[in-house]
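Worksheet: the structure to be examined is printed underneath.
In this chain, residues are counted from 1 in sequence order.
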Amino acid sequence: MLKRFVIFVFLTAFIVIGCSSFSIHTDYDQSADFSGYDTFGWVKHKNVRMDRKGLMNAKIRSAVKAELESKGMRFVERAPDLLVNYHFGVRDKIDVDVYGYGYRPGWKRRVVRHYKEGTLVLDIVDFSKKHLIWRGSASGIVGPPADAQAKMAEAVAGILKEYPPSQ
């Protein structure tokens, strides 16, 4: 019975640790007056491709727009207080774990895991001053495409959790 309880606690801890799936970093201009910003818009890109990356653009924009609007900001097409820009990318990663002990060959077990890591960077720029006032990033393991919208919303919420900063 005790053995089952220990296994249950271990698996529960593993699942909970696995749920915090992003590494979040933010920084901002401490001299900026965030209370004066009410509207936001997108940085204009001339060539937006409508392929898989185009689908991801829509997911990012949807998540950012929802998060900023939940904080009381309004999206406008012309002359916003803030411009929002983003960058994202995916790269292949390899993780190697070694288990076991001993000096003889074969006593150690190596587990090699291949996965993809995605990174999203959000920049928020003061439109009138053309000055970066907020930058945040989220990095984590990329899951199946069916989970992309939920994962993107989670990453954006993590990045903008402390936005606007309390000054």
Give the table of side-chain donor-acceptor pairs shorter than 3.5 Å for residues 73-84, with sequence neighbours excluded, one pair per line with atom names and distance.
unit_1, atom_1, unit_2, atom_2, d
D81, OD2, D38, N, 2.6
D81, OD2, T39, N, 3.0
D81, OD2, T39, OG1, 3.4

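Atom CG of L160 is separated from atom CD1 of I124 by 5.5 Å, given to the nearest 0.5 angstrom. Between atom NZ of residue K65 and atom CH2 of residue W42 there is a gap of 8.5 Å, rounded to the nearest 0.5 Å. Rounding to the nearest 0.5 Å places OG of S166 at 11.0 Å from CZ of F34. Here the straight-line distance linking atom OG1 of T26 with atom CD1 of I159 works out to 9.0 Å at 0.5 Å rounding. Atom CZ of R91 is separated from atom OG1 of T119 by 6.0 Å, given to the nearest 0.5 angstrom. Taken to the nearest 0.5 Å, the CE atom of M152 stands 4.5 Å off from the CE atom of M56.
For the residue pair S21 / E154, a side-chain donor-acceptor distance below 3.5 Å is found, with atom types taken as modelled.
Outside the 6.0 Å centre-distance limit, the rings of Y28 and Y163 are not counted as a close aromatic pair.
Between Q149 and A63 the shortest heavy-atom distance is NE2-N, 4.5 Å. Taking every heavy atom of both residues into account, A155 and I24 meet most closely at O-CD1, 4.1 Å. Pairing each heavy atom of E117 with each of V142, the nearest pair is C-CG2, 3.9 Å.
Among pairs with a residue in residues 123-136, those fulfilling salt bridge (Lys or Arg N to Asp or Glu O under 4.0 Å) read D123-R135, at least two apart in sequence or across chains.
A side-chain contact (heavy atoms from CB on, under 4.5 Å) with Y86 holds for exactly one of V156, I60, V121, V64; it is I60.
When the ring-ring contact (aromatic ring centres under 6.0 Å, His included) test is applied to F127, no partner is found at least two apart in sequence or on another chain.
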Run the numbers on I94 and V112 for side-chain contact (heavy atoms from CB on, under 4.5 Å), then give the verdict. CA-CA 7 Å; I94 298 174; V112 179; 3.8 Å; yes
